[in-house]
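Indexing begins at 1, ligand by ligand and atom by atom, following the structure's order. As a basis for the values below, the full set of heavy atoms in this structure was taken, side chains included, without hydrogen atoms, waters or symmetry mates. The residues of the chain are indexed from 1 along the displayed sequence.
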Amino acid sequence: MTLDLTKLPEYLKHQRWFSGKAWPIKSVSVVDHASMELGPCAFTLAVVEVLYGLGQPERYLLPVKPAPDGVRDALEDDECLRALFKLMREGEGMPSASGRLVGEWIGGPESLLALPSPLPVRRLMVEQSNTSMVLGEKVIMKVIRKLEAGVSPEYEVGRFLATKTSFRATPMLLGALHLEGAAGATVAVAHRFVPDAVDGWKYTLDRLRQERALGERFLGEMRELGMRLGELHNAFASATPDDPAFAPEPLLQEDLQRWSASIVGELGVTLADVGRLNPDLEGRRERLIEYAKRLAQVAPSGQKIRIHGDLHLGQVLRAEGQWLIFDFEGEPARSFTARREKYSALRDVAGMIRSFDYAEATVALEGGEPRGRVGPSRAAFLEGYRKATRGAPYLPSDEATFEVMLRAFELEKLLYEVRYELQNRPDWVRIPVEALLRMEDSK
Ligand SMILES: Nc1ncnc2c1ncn2[C@@H]1O[C@H](COP(=O)(O)OP(=O)(O)O)[C@@H](O)[C@H]1O
Ligand SMILES: O=P(O)(O)O[C@H]1O[C@H](CO)[C@@H](O[C@H]2O[C@H](CO)[C@@H](O)[C@H](O)[C@H]2O)[C@H](O)[C@H]1O
């Protein structure tokens with residue numbers, strides 16, 4: 001099948017996962033493509049590069065079939081999805097125009113035994129920038145739409161946890177599909193599907209809506225969540241030097257200086273965007289800068305390790321009374337290289353703590369209970385985290401340094417959130433802005 005390139009800009013603009021809707025497209029070209037003749041399904045798996053009048057080019061994966069007015073999405077066809085999954089689970093390869101599409105199965109044969117045939121396909125009805133489907137209620141396969149150059153952290157971390165550690169508080173990675181060659185990228189991943197799971201965001205909102213004061217049961221769950229995060233960090237830190245992508249590295253003064261300078265820079269950019277709308281925030285600039293600067297002044301203690309990188313309540317699942325941590329993609333706005341960098345584990349801790357504030361603010365905006373209820377959740381979460389990581393070499397050895405670092409990473413996350421909300425949900429920008437205003441004066 002030859003792709004009619006003239007039709008693609010219009011096609012792309014109508015796809016939910018296409019993030020360039022606001023910009024005029026200059027051109028669309030095909031970087032690589034494979035003709036998929038797989039049993040009852042025939043389609044083209046293409047990687048296209050979109051050039052805009054302004055801004056960076058982007059690459060998208062287009063599994064498409066011919067249609068009278070151009071092309072249509074091949075993932076609407078269950079047979080095509082089954083065919084892609086088969087390629088993955090059989091670890092097969094097939095040639096593309098300038099490379100190869102290769103399946104990888106790491107789940108072991110036992111995870112296949114229980115799969116019914118023909119494999120039932122259920123599409124996930126969530127707002128997503130990718131396309132996920134549940135297969136036989138046992139596997140969830142995610143086809144990546146917007147492709148990044150380099151190693152996908154979601155695949156890399158999932159593979160590390162499944163094959164090199166005993167950490168099981170995560171839906172295990174079962175397999176992946178990679179395109180090798182000119183368009184090198186991981187194009188799909190499959191994980192164990194967790195039935196009847198509720199994500200931590202919804203779970204926490206429900207509790208905040210239903211309980212006037214968060215009871216001991218919820219605090220116990222937050223303690224457990226802190227412990228799971230500590231265990232995840234212990235698993236990351238267990239990597240040996242022969243695994244350079246994961247092995248812990250010493251934390252140097254220059255790391256602290258670099259991170260501190262980056263937060264100061266982000267403060268400048270963020271206040272330029274939002275400060276006009278909120279003069280009170282502009283007035284806090286110097287005090288906020290102090291939080292970031294103190295990070296550069298503490299003595300380096302601990303290590304840099306791989307982290308989750310975008311941890312919040314929406315990245316944990318509650319199922320059968322247990323917490324599972326998932327979605328190791330990292331912050332979507334950063335490059336893969338940046339997302340794979342080792343960092344202080346406290347960055348994840350700060351991410352989750354910010355989420356408690358978001359949950360409470362969301363319920364307050366709905367006209368629910370007043371603020372001030374999540375302080376004990378933060379304390380319980382930190383208590384669980386400290387319990388699981390007692391004596392861990394990757395954390396600062398003294399309490400004061402722990403606090404300075406945690407506050408600096410909370411500030412970093414708050415600034416990221418302001419920018420994220422301005423771009424995606426302007427009505428919500430007041431949540432991180434109000435939290436910035438509340439940050440107590442630094443001493
Ligand atoms: N292993 C899983 N088991 C059950 N539900 C899952 C699983 N993985 C993801 N989900 C559900 O699918 C949604 C989207 O998954 P996610 O990996 O976050 O996709 P995306 O990266 O495109 O946002 C999640 O919010 C969660 O509700
Ligand atoms: O889940 P993603 O990897 O796409 O993360 C992005 O979107 C999140 C919102 O869905 C955003 O999280 C922010 O809002 C959450 C409530 O919706 C809140 O729990 C988080 O604490 C807050 O940071 C995340 O920052 C962004 O990267």
Can a non-hydrogen atom of D327 be found less than 4.0 Å from any atom of ligand 1?
yes

Test of ring centre spacing under 6.0 Å for Y343 and F409
yes

From the options F328, W428, Y358, Y416, select the one whose nearest heavy atom is closest to atom 25 (O) of ligand 2.
Y416

Check ion pair E79-R82 (N to O, under 4.0 angstrom):
yes

Say whether D327, considering both its backbone and side-chain N or O atoms, lies within less than 3.5 Å of an N or O atom on ligand 2.
no

Report yes or no: is the cationic atom of R318 (NZ for Lys, CZ for Arg) closer than 6.0 Å to the six-membered ring centre of Y203, at no more than 45° off its axis?
yes

Are K293 and E290 close enough for a salt bridge, meaning some N to O gap below 4.0 Å?
no

Could you list the atoms of ligand 1 found under 4.0 angstrom from a heavy atom of P171?
1 (N)

Check: Y358/R354 side-chain N/O donor and acceptor closer than 3.5 Å
no

Proximal ligand 2 atoms for P332, defined as those under 4.0 Å from one of its heavy atoms
27 (O)

Taking N or O atoms only and a 3.5 Å limit, does R192 qualify as a polar contact for ligand 1?
yes

Atom 7 (O) of ligand 2 has as its nearest protein heavy atom Y420 OH, 2.9 Å

Could you identify the single nearest non-hydrogen protein atom to atom 19 (O) of ligand 2 and state the distance to 0.1 Å?
S355 OG, 2.6 Å

State whether the shortest distance between N or O atoms of D199 and N or O atoms of ligand 1 falls below 3.5 angstrom.
no

To which protein heavy atom is atom 3 (O) of ligand 2 closest, and what is the distance rounded to 0.1 Å?
D310 OD2, 2.7 Å

As a check for students: among E417, R354, H312, identify the option with a heavy atom nearest to atom 23 (O) of ligand 2.
E417

Between ligand 2 and M352, can you find any atom pair, the residue atom being a heavy atom, that is separated by under 4.0 Å?
no

Using modelled atom types and a 3.5 Å cut-off, is there a donor and acceptor pairing between side-chain atoms of N234 and backbone atoms of A388?
yes

Sidechain N-carboxylate O distance under 4.0 Å for E403, R407
no

Has R159 got a side-chain atom pairing as donor or acceptor with A176's backbone, closer than 3.5 angstrom?
no

Report the part of N130 in contact with ligand 1, treating N, CA, C, O as backbone and CB onward as side chain, heavy atoms under 4.0 Å; options are side chain, backbone, both, neither.
both

Of F328, W201, F326, W17, the residue with the heavy atom nearest atom 25 (O) of ligand 1 is F326

Heavy atoms only: which of R425, R334, K413 is nearest to atom 10 (O) of ligand 2?
R425

Ligand 2 contacted by E329 (non-hydrogen, < 4.0 Å)
no

Would you say the side chains of R145 and T131 form a donor-acceptor pair under 3.5 Å?
yes

Take atom CZ in R207; do more than 12 heavy atoms of anything else shown fall under 6.0 Å from it?
yes

Should you measure from each heavy atom of K142, which atoms of ligand 1 turn up under 4.0 Å away?
16 (P), 17 (O), 19 (O), 20 (P), 21 (O), 22 (O)

Mark yes or no for whether H308, through its side chain, and F326, through its backbone, hold a donor-acceptor pair below 3.5 Å.
yes

R192 side-chain N/O to L174 backbone N/O, donor-acceptor pair under 3.5 Å:
no

Contact (N/O only, under 3.5 Å) between E154 and ligand 1
no

May I ask you to check whether E58 and Y60 show a side-chain donor-acceptor distance below 3.5 Å?
yes

With a 4.0 Å cut-off on heavy atoms, is E331 touching ligand 2?
no

Would you check whether F193 has a nitrogen or oxygen atom less than 3.5 angstrom from a nitrogen or oxygen atom of ligand 1?
no

Of V194, L124, V316, the one whose closest heavy atom lies nearest atom 4 (C) of ligand 1 is V194

Do any nitrogen or oxygen atoms of E329 lie less than 3.5 angstrom from nitrogen or oxygen atoms of ligand 1?
yes

What are the atoms of ligand 2, with element, lying closer than 4.0 Å to any heavy atom of Q315?
1 (O), 3 (O)

With R386 as the cation and F402 as the aromatic partner, state whether NZ or CZ is under 6.0 Å from the six-membered ring centre and within 45° of the axis.
yes

